[in-house]
Amino acid sequence: MKTVIGLKTVSLAVAVIGLSCGTKQAVAPPPRQSTMSADSMALECADLLSQYLGTRMVTRRGEVAVAMSHDTTATPPIAAAYRAYNAVVVAAAEYNVDGHLTSVELARFRSVEDAYGCYAGFRPTGAGGAGFGIESFTMGKDLCFTRGGYLVRVSVADLDSAGVAARTLVARAIHDRIKDPPSVARYFLLFPHESRITFSNQYHVDRFLNIAGLSEIYTAAYLVNGDTVRLFVGTDQSGEKFLKLREYADSLETSTPVPQWLTFAEHAVVFRDVDRRRIVAGLVHGKLVGIIGYDSTKNDLLCSRWVGSLR
């Protein structure tokens, strides 16, 4: 079986390479990487966490703790969730806000996409609306938001009205000091608005569907006829990501014919993953496009219209 899968993959690779060389591909640009040095980012983070945040009522307690991603001896070390999205610097400080203790942790990333992807990993689907940055949410004692290349988490010791007010004051002060504009990762603009679940966007920097090499994938969730379906898209000019997905599908031996209405411009595959979700995916003009949770009786129209809009 391994030999058969290998032969299928090689044949498909030849077809994909030939197609990508002969077709004009309209693709969105890759994630925008900051050219700022790591040391400059560290200085910028420390500057954001100044001794006083706008007023002497908000006073920092002690020094700012700064951890660099390349420093393996940092105490405490950068959390795995931050490292997974290529955080360059993580800085932390505590503030006294008129007698209320408030903690701040901010992480600086190379790109807007990485910052958002890490943020979305913390955010429960559908949670949001705290009014900071491009997106924000509150959960228990924490308020999190992302703006530009930053992910900011502000926590309060006491969750009473005065503590919540202190947390909001600190979050607003830091938010207003960040120079990065609250820009949206451009690939999220490709998703349709109808039936979209608010605050469901996600960005996977690597191992999407737990497949090695399936990187830089954007997703959004939809509620259609009582069921949730998740659309995904990512740049794939060479077809390499599709090949990895196709090889994974072949290894599961759950592939089925592609629905006739799903007019992918190029190659496509339909299969069930280890969680028994039906996944439809294919190449459309240099993009890997797919649907998780496809059901022909419930979300045909959403899926067909979306794939058609990308052609």
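These numbers were taken from a predicted model, which means no experiment stands behind them.
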Inter- and intrachain pairs under salt bridge (Lys or Arg N to Asp or Glu O under 4.0 Å), touching residues 189-199, at least two apart
none
Please test L245 against F271 for side-chain contact (heavy atoms from CB on, under 4.5 Å), starting from the C-alpha separation and ending with a verdict.
CA-CA 10 Å; L245 186 63; F271 68 99; 3.9 Å; yes
Donor-acceptor contacts under 3.5 Å from residues 204-212 side chains, at least two apart:
| unit_1 | atom_1 | unit_2 | atom_2 | d |
| --- | --- | --- | --- | --- |
| H204 | NE2 | Q202 | OE1 | 3.3 |
| R207 | NE | N210 | OD1 | 3.2 |
| R207 | NH2 | N210 | O | 3.1 |
| R207 | NH2 | N210 | OD1 | 3.3 |

Locate the shortest heavy-atom distance separating V164 from L159; write the atom from each residue and the value.
CG2-CD1, 3.9 Å
What's the separation between atom CG in L169 and atom OG1 in T55, rounded to the nearest 0.5 Å?
7.5 Å
N/O donor-acceptor pairs under 3.5 Å from side chains in residues 273-284, not counting sequence neighbours:
| unit_1 | atom_1 | unit_2 | atom_2 | d |
| --- | --- | --- | --- | --- |
| D273 | OD1 | D275 | N | 3.0 |
| D273 | OD1 | R276 | N | 3.1 |
| D273 | OD1 | R277 | N | 2.9 |
| D273 | OD2 | R277 | NE | 2.8 |
| D273 | OD2 | R277 | NH2 | 2.7 |

Cation over ring face, R56 and Y52, 6.0 Å, 45°:
yes
Looking only at non-hydrogen atoms, find the nearest pair between V90 and A107 and report the distance.
CG2-CB, 4.0 Å
Treat each ILVMFWY residue as a node, draw an edge where side-chain heavy atoms are under 4.5 Å apart, and state whether L49 and M41 are in one component.
yes
For the residue pair R60 and Y95, would you count it as a cation-pi contact if the rule is NZ or CZ under 6.0 angstrom from the ring centre and within 45 degrees of the ring axis?
no
Got a second to check how far K179's NZ is from L48's CG, nearest 0.5 Å?
8.5 Å
Does the ring centre of F137 sit less than 6.0 Å away from the ring centre of Y119?
yes
Classify the angle between the aromatic ring planes of F242 and H267 as parallel (below 30°), tilted (30 to 60°) or perpendicular (above 60°).
parallel
Please name the pair of heavy atoms, one in A157 and one in K141, separated by the smallest distance, quoted to 0.1 Å.
O-NZ, 2.9 Å
Taken to the nearest 0.5 Å, the spacing of K298 NZ from T228 OG1 works out to 10.0 Å
Quick one, N299 and Y294 - any side-chain contact, counting heavy atoms below 4.5 Å?
yes
Could you tell me whether the side chain of F145 reaches within less than 4.5 Å of the side chain of T138, counting heavy atoms only?
no
Does one hydrophobic cluster hold both L106 and M36, with members joined at side-chain heavy-atom distances below 4.5 Å?
yes
Any chance you could lay out the side-chain hydrogen bond (donor to acceptor under 3.5 Å, both in side chains) test for T297 and D295, step after step, and finish with the verdict?
CA-CA 5 Å; T297 66; D295 185 331; 2.7 Å; yes
CE of M68 to SG of C45: how many Å apart, nearest 0.5 Å?
8.5 Å
Return the CZ to CG distance between R108 and N86, rounded to the nearest 0.5 Å.
13.0 Å
Output for pair (S136 OG, R153 CZ), nearest 0.5 Å, gives 14.0 Å
May I have the step-by-step check of ring-ring contact (aromatic ring centres under 6.0 Å, His included) for Y218 and F191, ending in yes or no?
CA-CA 9 Å; Y218 303 76; F191 293 112; 7.8 Å; no
Go through it in stages, so that I can follow the logic: the residues are Y203 and F188, the test is ring-ring contact (aromatic ring centres under 6.0 Å, His included), and I'd like the CA-CA distance, side-chain angles, deciding distance and then a yes or no.
CA-CA 9 Å; Y203 171 70; F188 288 127; 7.4 Å; no
Are F199 and F132 grouped together when hydrophobic residues (ILVMFWY) are joined by side-chain heavy atoms under 4.5 angstrom apart?
no
Hey, are the side chains of V89 and F109 touching, using non-hydrogen atoms and a 4.5 Å cut-off?
no
If you take all heavy atoms of I291 and L231, which pair is closest and at what distance?
CG1-CD2, 3.8 Å
Could you walk me through whether T219 and R230 pass side-chain hydrogen bond (donor to acceptor under 3.5 Å, both in side chains), step by step?
CA-CA 7 Å; T219 79; R230 185 166 284 274; 2.7 Å; yes
Do R147 and D180 meet the salt-bridge criterion of a basic N to acidic O distance under 4.0 Å?
no
For the hydrophobic clusters of this structure (ILVMFWY residues joined by side-chain heavy atoms under 4.5 Å, transitively), does one cluster hold both L101 and V104?
no
What I want to find out is whether R123 reaches E135 closely enough, with some N-O distance under 4.0 Å, to be called a salt bridge.
yes
Under 4.5 Å between side-chain heavy atoms, hopping through other hydrophobics if needed: is there a path connecting I197 to V224?
no
Give the minimum heavy-atom separation between W306 and G290, together with the two atoms involved.
CZ3-O, 3.5 Å
Could you pull out the closest heavy-atom pair between A166 and H100, with the gap in Å?
CB-CB, 4.1 Å
Candidate pair D142 and S155, rule side-chain hydrogen bond (donor to acceptor under 3.5 Å, both in side chains), full reasoning:
CA-CA 4 Å; D142 294 340; S155 305; 2.4 Å; yes
